[in-house]
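These notes are about the structure you will find just below.
In what follows, every chain begins at residue 1, and chains take the letters A, B, ... in the order their sequences are listed. Side chains are part of it too, since the values below use all heavy atoms of this structure and drop only hydrogens, waters and symmetry mates.
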2 protein chains.
Amino acid sequence: MSQQRHGSTPGAADGVPAFPDLPEATIARLPEYLRALHHLAETGAETVSSEGLAAAAGVNSAKLRKDLSHLGSYGTRGVGYDVALLVDQIEYILGLDKNRAVCLVGVGNLGHALAGYAGFASRGFRVVALFDADPKKVGEQINGLTVQHTDDLERVAAEESIAIGVIATPPGTAQAVADALVAAGVTSILNFAPGVLSVPSNVDVRKVDLAIELQILSFHEHRKASLTALPGGRSAQPASGDQEVVGS
Amino acid sequence: MSQQRHGSTPGAADGVPAFPDLPEATIARLPEYLRALHHLAETGAETVSSEGLAAAAGVNSAKLRKDLSHLGSYGTRGVGYDVALLVDQIEYILGLDKNRAVCLVGVGNLGHALAGYAGFASRGFRVVALFDADPKKVGEQINGLTVQHTDDLERVAAEESIAIGVIATPPGTAQAVADALVAAGVTSILNFAPGVLSVPSNVDVRKVDLAIELQILSFHEHRKASLTALPGGRSAQPASGDQEVVGS
DNA sequence: CGCGATTTGTGCACGCCTTCACAAGCGCCT
DNA sequence: AGGCGCTTGTGAAGGCGTGCACAAATCGCG
């Protein structure tokens with residue numbers, strides 16, 4: 001990473017750089033920019049304009065520029081952004097240069113898929129431990145890893161100093177698993193189980209509920225249907241622009 | 001608020017009710033309220049206060065009341081909300097009373113898991129068709145359904161008038177699949193493939209990128225680590241409140 | 001019947017995020 | 001060297017969402 005001048009992180013005093021406090025909305029978009037940049041790099045592009053990168057990431061260019069400006073000034077006016085440089089910067093900010101260890105709890109249908117998900121490894125995450133409460137699953141080999149019993153979760157996770165845990169258990173056991181993860185020193189949890197987790201305030205939780213996504217789509221289906229059925233409603237065919245992404 | 005009867009949907013003139021236009025943020029929370037309400041109903045509760053429901057859904061009570069007020073006036077002051085009534089209302093708004101048909105494209109690791117995901121069926125969604133481009137997978141039986149070839153996607157989806165499609169293919173083929181879905185009349189897409197989909201403006205797309213979620217957590221890990229390492233940073237143990245959910 | 005306890009519904013202010021519009025800066029061409 | 005076109009970075013405005021604080025409404029009880 002550090003490329004001499006341009007490279008050093010803004011506000012770096014000594015070895016440990018001060019951390020720019022980015023808006024949460026910006027953080028959520030950085031991974032998307034990063035993916036687009038990787039794609040551009042593969043096609044051999046050296047630089048990108050904000051317009052080009054914005055299009056590749058599916059946002060508008062003003063938003064992209066403002067987002068990137070929060071990281072520092074890594075563009076060249078009249079030219080654009082250096083792809084390689086920007087990749088390094090974003091990966092540094094996101095902490096992806098650390099090759100983070102992740103453990104996964106719950107090797108059911110979904111957990112099984114997550115354990116083998118290529119997208120994790122390709123973005124700097126290593127799944128290093130699998131757990132399940134079902135004795136029949138303990139010992140099973142998945143993707144080169146042996147499933148261990150959740151009773152050992154706390155010990156193993158602590159030993160390997162795992163910082164990120166993924167919960168893919170049934171809703172009933174999710175809270176207990178979260179408690180064990182926290183006890184083991186995990187400070188970030190990605191939760192696929194429906195329901196609310198209660199954790200200490202120093203632990204970050206992100207939730208992904210597949211059914212909720214469908215329900216939101218269902219709402220919009222319902223809305224669209226009621227519009228076309230209504231007297232004033234136009235008959236569903238509002239031109240064909242590009243891209244309507246609903247919600248956040 | 002007019003209130004009148006309490007039962008029928010607000011603004012209903014004839015058979016087709018006018019559709020309240022809810023804030024997007026509210027819509028995204030309704031499924032969570034619904035889940036909490038179902039849970040309460042199972043425990044035999046007749047009514048809930050906004051405080052109680054808010055706690056169960058992991059939000060603050062003012063927000064919950066404002067959200068629900070957008071649906072109409074379905075609470076009773078001094079008492080709370082009628083659980084059964086509220087369930088019906090939210091399910092109606094979300095269009096879950098329609099038992100919507102969903103098709104799933106891409107029966108890889110993730111797609112396989114989604115096809116068997118119990119959370120879909122239990123919330124009013126029926127997976128009615130599976131597709132994959134790999135001839136080796138075509139014909140395979142999953143959860144009582146036969147995997148069909150993506151060449152038949154457009155025909156089958158149109159015949160069964162499927163409105164919602166789920167994409168769980170590798171990123172390279174996602175756009176082509178989306179085009180086929182749109183051509184078949186699908187107007188809502190849930191996309192698990194990384195990358196930006198381009199669709200007509202009357203089609204809603206929601207994206208779930210599992211790797212992005214981890215990257216956001218990674219950022220917060222990085223931030224927390226740099227804080228504790230910094231001279232001014234407190235030594236990581238900021239009391240133990242409840243619930244810190246990061247991001248939207 | 002009236003009163004107090006309780007809980008909803010909402011007006012208001014604040015902060016975050018988005019978007020526009022433009023000045024500042026950079027490279028290239030003449 | 002100078003000017004021109006292009007692109008970034010950002011000030012300002014507007015919109016959306018959140019949370020507070022309180023009035024309005026309902027129930028139960030004396």
Side-chain angles (χ1 to χ4, degrees), chain A residues 5-6 10 20-30 32-33 37 40 45-83 85-86 89-90 216 243-248, chain B residues 1-4 6 10 20-30 32-33 37 40 45-83 85-86 89-90 216 241 243-248:
Chain A
R5 215 180 9 286
H6 222 107
D21 58 335
L22 312 177
E24 197 61 35
T26 295
I27 296 162
R29 284 187 292 266
L30 287 182
E32 193 68 43
Y33 300 157
L37 283 167
L40 283 167
E46 296 264 336
T47 61
V48 222
S49 69
S50 64
E51 198 83 32
L53 183 52
V59 301
N60 102 15
S61 66
K63 181 152 43 181
L64 178 117
R65 284 199 300 276
K66 183 145 290 192
D67 281 343
L68 294 188
S69 77
H70 286 127
L71 310 185
S73 213
Y74 293 113
T76 307
R77 295 172 196 240
V79 177
Y81 298 92
D82 180 303
V83 173
L85 173 61
L86 205 49
Q89 274 306 313
I90 296 179
I216 295 172
Q243 269 301 95
E244 155 164 350
V245 176
V246 41
S248 66
Chain B
M1 286 295 106
S2 65
Q3 193 126 351
Q4 179 88 359
H6 222 114
D21 58 336
L22 312 177
E24 196 61 35
T26 295
I27 297 162
R29 283 188 292 266
L30 287 182
E32 194 68 44
Y33 300 157
L37 284 166
L40 283 166
E46 296 265 336
T47 61
V48 223
S49 68
S50 63
E51 199 83 32
L53 182 52
V59 300
N60 101 15
S61 65
K63 182 152 40 182
L64 179 117
R65 285 199 298 278
K66 185 149 293 194
D67 281 342
L68 294 187
S69 77
H70 286 127
L71 310 185
S73 214
Y74 293 112
T76 308
R77 297 173 194 234
V79 178
Y81 297 92
D82 182 302
V83 173
L85 173 61
L86 206 48
Q89 273 307 311
I90 295 180
I216 294 173
Q243 268 302 96
E244 154 166 350
V245 177
V246 41
S248 68

Strictly under 4.0 angstrom, non-hydrogen atoms only: write out the protein contact profile of nucleotides 13-20 of chain C, one letter per nucleotide from the 5' end, B, S or -. ----SSBB
In whole angstroms, how far is the P atom of dT6(C) from the OH atom of Tyr81(B)? 18 Å
Rounded to the nearest Å, what distance is computed from the CG atom of residue Leu22(B) to the C1' atom of nucleotide dG17(D)? 14 Å
Contacts of Thr47(A) that satisfy side chain to side chain donor-acceptor pair (under 3.5 Å) - sequence neighbours left out: none
Distance, rounded to the nearest Å, where Leu53(A) contributes CG and dT7(D) contributes P: 14 Å
Per-nucleotide protein contact along nucleotides 25-30 of chain C, 5' to 3', at a 4.0 Å heavy-atom cut-off (B base, S sugar-phosphate only, - neither), is BBS---
Who are the side chain to side chain donor-acceptor pair (under 3.5 Å) partners of Thr26(B), not counting sequence neighbours? Asp67(B)
Nearest-Å distance, OH (Tyr74(B)) to C1' (dT10(C))? 18 Å
What I'd like to find out is whether the side chain of Leu68(B) reaches to under 4.5 Å of the side chain of Tyr33(B), using heavy atoms alone. yes
Test log, rule side chain to side chain contact (heavy atoms under 4.5 Å, CB included), inputs Leu53(A) and Leu86(A): CA-CA 11 Å; Leu53(A) 183 52; Leu86(A) 205 49; 4.1 Å; yes
Report yes if some heavy atom in the side chain of Pro20(A) is under 4.5 Å from a heavy atom in the side chain of His70(A); otherwise report no. no
Could you check how far NE2 of His70(B) sits from C1' of dC16(D), rounded to whole Å? 11 Å
Of all residues at least two apart in sequence or in a different chain, which pass the side chain to side chain donor-acceptor pair (under 3.5 Å) check with Tyr81(B)? none
So, using salt bridge (charged side-chain N to carboxylate O under 4.0 Å, His left out) as the criterion, who are the partners of Asp82(B) when residues are at least two apart? none
Flag side-chain contact, heavy atom, 4.5 Å: Leu30(B) against Leu22(B): yes
Rounded to whole Å, how long is the line connecting atom CG of Leu68(B) with atom C1' of dT10(C)? 14 Å
Using a 3.5 Å cut-off and no angle test, enumerate the donor-acceptor pairs between side-chain atoms of residues 57-65 of chain A and protein atoms at least two apart in sequence or in another chain.
residue: Asn60(A); atom: OD1; partner: Ala62(A); partner atom: N; Å: 2.8
residue: Asn60(A); atom: OD1; partner: Lys63(A); partner atom: N; Å: 3.0
residue: Arg65(A); atom: NH1; partner: Ser50(A); partner atom: OG; Å: 3.0

Whole angstroms only, please: what is the CD-C1' distance between Glu51(B) and dC20(D)? 13 Å
Determine: side-chain N/O of Ser50(B) to OP1/OP2 of dT7(C), distance under 4.0 Å, yes or no. no
